[in-house]
Amino acid sequence: MRTRIFLWGLSNGIIALTVAALFWIGLGLGPYAGRVEWYVDALVSLLVYGFCGASIWAATRIRRRSGFRREDLRPADPDQRAANHRTALGFVRIVVAQAVLVGLTVIVCLLWDARELLWPSIGVIVSLHFIPLGGI
């Protein structure tokens, strides 16, 4: 059972990190899109989307191969259900805290007219949220 849960969680992590990578790569390359020839932009886009698509495809295969379904968590004993609930609650708390911090960062950067610090600050917050996730 542990291997099945691990593979299922691994596939979720691959998909989440692939979507995040797509966002950050797009954010990083976006300002340069108009400065290069169209075929360079098309080639880079093709490579990025191809890699992300291949990663999501591989994650989906891992998920199917695991044979694990979310329903498999329900019939667990009371101790296991309590542990699952604590883990899910921990994830929710971290995501909410991250969203609040990002929102406050946007407000502070706009109020202080520090727009150049906006994306690096959000990047730090998004990166640091992995510390409490590791504890879960």
Side-chain angles (χ1 to χ4, degrees):
M1 179 74 156
R2 285 186 182 270
T3 303
R4 292 180 349 153
I5 291 174
F6 170 77
L7 291 174
W8 183 69
L10 178 65
S11 70
N12 289 336
I14 291 170
I15 291 171
L17 291 176
T18 299
V19 170
L22 187 60
F23 171 79
W24 288 106
I25 290 170
L27 185 68
L29 293 177
Y32 302 103
R35 298 181 185 169
V36 296
E37 297 294 330
W38 69 269
Y39 55 86
V40 174
D41 191 34
L43 178 63
V44 169
S45 296
L46 182 66
L47 290 172
V48 168
Y49 286 120
F51 176 77
C52 289
S55 296
I56 291 173
W57 176 78
T60 304
R61 287 187 46 95
I62 290 171
R63 179 178 299 202
R64 286 186 189 137
R65 192 174 340 148
S66 76
F68 184 80
R69 295 181 321 269
R70 178 166 269 151
E71 297 85 37
D72 293 341
L73 293 174
R74 289 198 183 118
D77 59 57
D79 292 336
Q80 186 63 42
R81 260 184 285 176
N84 293 343
H85 180 70
R86 280 192 307 275
T87 300
L89 192 59
F91 272 101
V92 168
R93 287 179 178 160
I94 291 168
V95 168
V96 168
Q98 177 182 335
V100 168
L101 284 173
V102 167
L104 289 173
T105 299
V106 170
I107 291 169
V108 167
C109 285
L110 292 177
L111 286 176
W112 290 353
D113 197 29
R115 286 183 168 85
E116 67 279 356
L117 295 177
L118 185 61
W119 287 111
S121 300
I122 291 173
V124 168
I125 293 168
V126 169
S127 298
L128 291 179
H129 92 278
F130 287 107
I131 293 172
L133 279 178
I136 292 178

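Values below: all heavy atoms of this structure, side chains included; hydrogens, waters and symmetry mates excluded. Being a predicted model, the structure only gives us computed values, none of them experimental.
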Is it possible for you to say whether Tyr39 and Val36 belong to one hydrophobic cluster, with membership spreading through side-chain heavy-atom contacts below 4.5 Å? yes
Separation between OG (Ser127) and CD1 (Ile122), nearest 0.5 Å, reads 11.5 Å
Looking at Val106, Thr105, Ile107, which hits side-chain contact (heavy atoms from CB on, under 4.5 Å) with Cys109? Thr105
Among the clusters formed by ILVMFWY side chains lying less than 4.5 Å apart, do Val108 and Leu111 turn up in the same one? yes
Phe23 atom CZ, neighbour heavy-atom count above 12 within 6.0 Å: yes
Would you name the heavy atoms of Val48 and Ile25 that are closest together and state the gap between them? CG2-CG2, 3.8 Å
CH2-OG1 distance between Trp57 and Thr18, expressed to the nearest 0.5 angstrom: 13.5 Å
Do Leu133 and Ile131 share a hydrophobic cluster, counting only Ile, Leu, Val, Met, Phe, Trp and Tyr and linking them when any side-chain heavy atoms are less than 4.5 Å apart? no
Which heavy atom of Ile136 sits nearest a heavy atom of Phe91, and at what distance? CD1-N, 3.6 Å
Rounded to the nearest 0.5 Å, what's the gap from CD1 on Ile94 to CG on Leu89? Could you check? 10.0 Å
Find the distance between CG (Asn12) and CH2 (Trp8) and round it off to the nearest 0.5 Å. 5.0 Å
Decide whether Leu128 and Val100 are clustered together by the hydrophobic rule: side chain heavy atoms of Ile, Leu, Val, Met, Phe, Trp, Tyr closer than 4.5 Å, transitively. no
To the nearest 0.5 Å, atom CG of Leu29 lies from atom OG of Ser45 at 8.0 Å
Within the structure provided, determine whether Leu7 and Arg63 are in side-chain contact (heavy-atom separation under 4.5 Å). no
Under 4.5 Å between side-chain heavy atoms, counting indirect links through other Ile/Leu/Val/Met/Phe/Trp/Tyr residues: same cluster for Leu104 and Val126 or not? no
With heavy-atom distances below 4.5 Å as the criterion, would you say the side chains of Arg115 and Asp113 are in contact? yes
Which atom names give the shortest non-hydrogen contact between Ile15 and Ala59, and what distance separates them? CG1-CB, 3.6 Å
Within this structure, what is the CD1-CG distance for the pair Ile56 and Leu22, rounded to the nearest 0.5 Å? 7.5 Å
